[in-house]
Amino acid sequence: MINVIFPDGATRQYANGITGSELVESISKSLAKKTVAMRVNGELSDLSDELFDGAKIEFILRDDEAALELIRHDCAHVLAEAVQELWPDTQVTIGPVIENGFYYDFARDEPFSMEDLDKIEKRMRQIIERGAEFTKEIWSREKAKQVFATKGEHYKVELIDAIAEGESVKIYKQGQWFDLCRGPHMRSTKDIGQAFKLIKVAGAYWRGDSNNAMLSRIYGTAWAKQKQLDDYLHMLEEAEKRDHRKLGRELDLFHFQEEAMGSVFWHPNGHIIYNALEQYIRRKVSAADYKEIKTPELIDIKLWKKSGHWAKFRENMFVVPDEVPSMENDAPILSGDAKLMALKPMNCPAHVQIFNQGIKSYRDLPLRYAEFGCCHRNEAHGALHGLMRVRQMTQDDGHIFCTAEQIKSETENFCDLLDSIYHELGFDEVNILLATRPKVRAGSDEVWDLAEKSLSEALSSTGREFKIIEGEGAFYGPKLEFHLKDAIGRTWQCGTLQLDFVLPERLEASYIDKDSKRQTPVMLHRAILGSLERFIGILIENHAGRMPMWLAPTQVVVAPITSDIDDYAIKVVEQLKANNIRAISDLRSEKINYKVREHSHAKVPAIFVVGKREAEENTVSIRRLGSQGQSVMALKEAINNIVKEAQPPDLKNL
RNA sequence: GCUGCUGUAGCUCAGGGGUAGAGCACUCCAUUGGUAAUGGAGAGGCCGAGAGUUCAAAUCUCUCCAGCAGCACCA
């Protein structure tokens with residue numbers, strides 16, 4: 001007999017060799033019907049696994065959160081089976097679960113088309129209907145390799161070779177079809193249900209290495225219930241509608257063109273947002289005791305060599321010879337021995353240069369520099385993505401020079417500043433990650449201990465929750481990442497705080513300590529928004545283009561109903577402008593319906609409609625974006641309200 | 001950078017070996033109206049770039065370039 005422990009702590013005795021499904025059957029038929037897997041001592045397992053003495057078990061019902069992973073994983077297997085039924089010469093490779101779904105990579109000469117996806121999906125639904133049971137077999141390494149080799153599944157053979165000694169080689173069968181798999185799986189393909197959809201096809205490298213062969217990847221999404229699938233598909237649609245590249249064009253904010261690919265042409269409307277945001281951050285960092293500086297964009301590669309960027313970051317740097325090229329047939333000729341300059345990809349070395357001017361005392365620390373530094377990075381062409389990934393960007397960058405003892409308080413200060421800014425910008429959910437020492441790193445373990453401890457203590461002392469990502473730190477120090485959740489649930493990494501013990505040393509930064517000895521300061525790299533370009537992209541998508549009043553390029557449109565009210569409309573605009581409101585009049589001889597429609601599409605937050613009545617009574621009829629109705633108000637009151645609303649968030653309530 | 005797809009008017013897109021098409025936007029004219037499209041007329045294009053096949057190429061072929069999706073990258 002064996003003892004099995006249930007989630008509520010109760011222990012019951014069962015016969016040796018009892019499986020999870022036999023056990024659940026013995027408890028209740030209806031529970032057994034809903035149970036698709038189990039957790040044994042906290043590990044997801046097949047229901048068909050035999051239990052052992054002292055096993056803590058927990059049943060996973062199909063509707064449990066935990067079952068979602070299984071649904072998606074099983075769905076990936078069915079996808080592979082469907083593809084091999086349709087195209088038997090296709091090799092299967094791996095098919096893991098990812099956020100919101102799964103994918104499977106196939107090796108095949110012809111890539112899949114979108115039409116193929118429909119065919120595959122149909123076949124998948126049939127396979128699921130067949131409801132073949134998942135059964136597990138343990139094979140010897142030799143047998144597994146031989147069977148897959150005979151089938152021509154060379155990638156699987158390679159996977160078997162990669163399985164650690166001592167780990168068993170598991171084969172999961174579903175009817176005739178079988179796959180090498182770690183498991184676990186649900187009872188049968190029927191448990192998957194029909195709430196899934198194949199989303200897209202794409203190329204992907206074998207084992208994620210760009211030196212390897214390119215495979216064909218099929219992405220799918222799967223859910224427990226149809227409603228969840230519908231919601232997810234709706235979210236994707238919503239995300240598409242919010243695409244900042246589309247809105248940027250429609251709202252006339254910015255554009256890109258071939259001659260400057262990856263760099264933004266800011267139009268007047270977009271630049272209003274840009275400036276408002278920059279000025280806001282300038283006020284915030286100034287209040288947090290940062291000194292704003294400005295450093296050169298073009299710097300001799302000598303400095304980049306010294307800083308280490310030349311060795312680590314060269315392939316992302318734009319290099320410019322300091323020479324006037326001679327010309328032949330309009331083609332430039334460079335001598336090849338001119339001095340080389342590089343457009344700065346980062347601001348840090350330049351900030352150290354300013355720190356290094358004059359002699360610094362421990363009394364000067366912490367010393368905080370901020371710069372809206374324009375950086376150039378030669379990003380891979382395939383990486384460019386609207387404002388989100390550009391080749392020329394402006395970071396809201398800053399560097400804090402301090403002592404090791406000050407790391408903790410500086411971290412706390414910075415977190416407070418971030419909280420305040422994210423909150424004011426409308427992002428109230430922030431996930432914090434602490435990336436710790438990587439395998440290859442600079443600096444002694446002692447210093448790393450202190451650095452990691454300072455960061456985690458600073459976070460804990462303020463009651464902030466954070467996750468640790470082991471080994472993901474920069475080679476020069478650990479870092480914090482701040483991820484913002486947007487209005488439709490996507491997260492964006494924006495803020496970062498990175499400790500650096502290497503650069504100050506390399507660039508010979510020092511201060512005179514209390515004992516009049518020279519010391520090397522610690523350097524904290526930090527950014528709040530990340531890049532202004534990218535953050536504006538995030539703001540556009542977060543607000544779906546309907547910017548809050550203080551960021552809206554045009555804040556008010558005054559639209560007269562007939563042309564004999566034009567004078568009054570002009571007067572209203574003048575008064576708005578006198579109060580620093582970005583207002584325009586729309587005097588075209590169009591109907592009011594037309595004007596309202598057009599400015600609503602342009603996402604102007606407020607339309608003041610003025611007709612004969614309003615002109616006589618010195619009022620305006622206000623129509624706010626997103627509302628169907630309107631309200632009539634005295635002009636003075638209306639202006640006051642707009643002025644109040646148009647205050648940047650840090651200046652409201654002052 | 002890799003794989004796949006795409007590139008025709010400002011935008012969204014149709015067409016497809018032999019005068020280049022639509023809707024919206026734009027310009028002009030009429031219209032003066034009460035909260036999401038008033039009517040009419042007009043203008044607008046090296047069909048991404050280059051080469052090739054052909055009597056003839058926007059259309060077929062090749063090479064580039066850019067965009068899109070994913071991968072890789074992301075100090």
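Everything quoted here is computed from the prediction, not taken from an experiment. Just so we're on the same page: letters track the sequence lines, and every chain starts at 1.
To the nearest whole angstrom, the two C1' atoms, one in B/rG67 and one in B/rA49, are 15 Å apart. Nucleotides B/rG45 and B/rC11 have their C1' atoms positioned 14 Å apart, rounded to a whole Å. The gap from the C1' atom of B/rA22 to that of B/rA9 amounts to 11 Å, rounded to the nearest Å. Rounded to the nearest Å, the gap between the C1' atom of B/rU19 and that of B/rU31 is 37 Å. Taking atom C1' on both B/rG48 and B/rA58, the two are 11 Å apart, rounded to the nearest angstrom. Separation of the C1' atoms belonging to B/rA57 and B/rG17 is 6 Å when rounded to the nearest angstrom. A distance of about 12 Å separates the C1' atoms of B/rU54 and B/rG18, rounded to the whole Å. A gap of 14 Å separates the P atoms of B/rC13 and B/rU6, to the nearest Å.
In plain terms, the two heavy atoms of A/Thr93 and A/Leu159 that are nearest each other are O-CD1, 3.7 Å.
Counting to the nearest Å, the C1' atom of B/rC11 and the CG atom of A/Asp252 are 12 Å from each other. If you take CD of A/Gln257 and P of B/rC11, they are 12 Å apart, rounded to a whole angstrom.
Checked against side-chain hydrogen bond (donor to acceptor under 3.5 Å, both in side chains), A/Gln91 has no partners two or more places apart in sequence or in another chain. Taking the side-chain hydrogen bond (donor to acceptor under 3.5 Å, both in side chains) definition, one finds that A/Ser307 meets it with A/His309, sequence neighbours left out. The side-chain hydrogen bond (donor to acceptor under 3.5 Å, both in side chains) search around A/Asn212 returns none, not counting sequence neighbours. Residues satisfying the ring-ring contact (aromatic ring centres under 6.0 Å, His included) test with A/Tyr232, not counting sequence neighbours, are A/Trp223. Under the side-chain hydrogen bond (donor to acceptor under 3.5 Å, both in side chains) criterion, A/Trp310 pairs with no residue at all, not counting sequence neighbours. Scanning for ring-ring contact (aromatic ring centres under 6.0 Å, His included) contacts around A/Phe265 gives A/His255, with sequence neighbours left out.
Paired runs in RNA chain B that reach 3 or more consecutive Watson-Crick or G-U pairs, where each pair keeps both distances under 3.5 Å, cover B:1-7 with B:65-71, B:10-13 with B:21-24, B:26-30 with B:38-42, B:48-52 with B:60-64.
Seen from the ring of A/Phe112, A/Arg108 counts as a face-on cation partner, given the 6.0 Å and 45° thresholds. In this structure, A/Lys485 fails the cation-pi test against A/Phe427, since its NZ or CZ atom is not both closer than 6.0 Å to the six-membered ring centre and inside 45 degrees of the ring normal.
Nucleotide B/rU63 is shown with an anti base, its glycosidic torsion being more than 90° from 0. Anti is the glycosidic conformation of B/rC28, whose angle departs from 0 by more than 90°.
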Set out, line by line, the N/O atom pairs under 3.5 Å between protein and nucleotides 12-14 of chain B.
from, atom 1, to, atom 2, distance (Å)
B/rU12, OP1, A/Arg249, NH1, 3.0

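Salt bridge A/Glu598/A/Arg588: present, at least one basic N to carboxylate O contact under 4.0 Å. At a threshold of 4.0 Å, the pair A/Glu508-A/Lys306 counts as salt-bridged, since one of the basic side-chain nitrogens sits closer than that to a carboxylate oxygen. In this structure, A/Arg624 pairs ionically with A/Glu645, as a charged nitrogen and a carboxylate oxygen lie closer than 4.0 Å.
In terms of modelled atom types and a separation under 3.5 Å, the side chain of A/Glu371 and the main chain of A/Thr295 share a donor-acceptor contact. With hydrogens and angles disregarded, no donor-acceptor distance shorter than 3.5 Å links the side chain of A/Lys595 to the backbone of A/Leu587.
Residues A/Phe106 and A/Tyr104 bring their aromatic ring centres within 6.0 Å.
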What string of B, S and - do you get for nucleotides 32-41 of chain B, 5' to 3', when a contact is any protein heavy atom under 4.0 Å? BBBBBBB---
Where protein sits on nucleotides 66-74 of chain B, one letter per nucleotide: B base, S sugar-phosphate only, - none, heavy atoms under 4.0 Å: SSSSBBBBB
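Proximity of residues 496-506 of chain A to RNA chain B (heavy atom under 4.0 angstrom from any strand atom) is not detected for any residue.
Shown are A/Thr221, A/Asp116, A/Leu79, A/Asp118; of these, the side-chain contact (heavy atoms from CB on, under 4.5 Å) with A/Leu198 is made only by A/Leu79.
Of the residues near RNA chain B, A/Ser216 and A/His309, the one whose nearest nucleotide (by heavy atom distance) lies more toward the 5' end is A/Ser216.
A/His599 comes within 4.0 angstrom of no nucleic acid atom, judged by non-hydrogen atoms across all strands.
Under the side-chain hydrogen bond (donor to acceptor under 3.5 Å, both in side chains) criterion, the residue pairs touching residues 601-620 of chain A are A/Lys571-A/Asn618, with sequence neighbours excluded.
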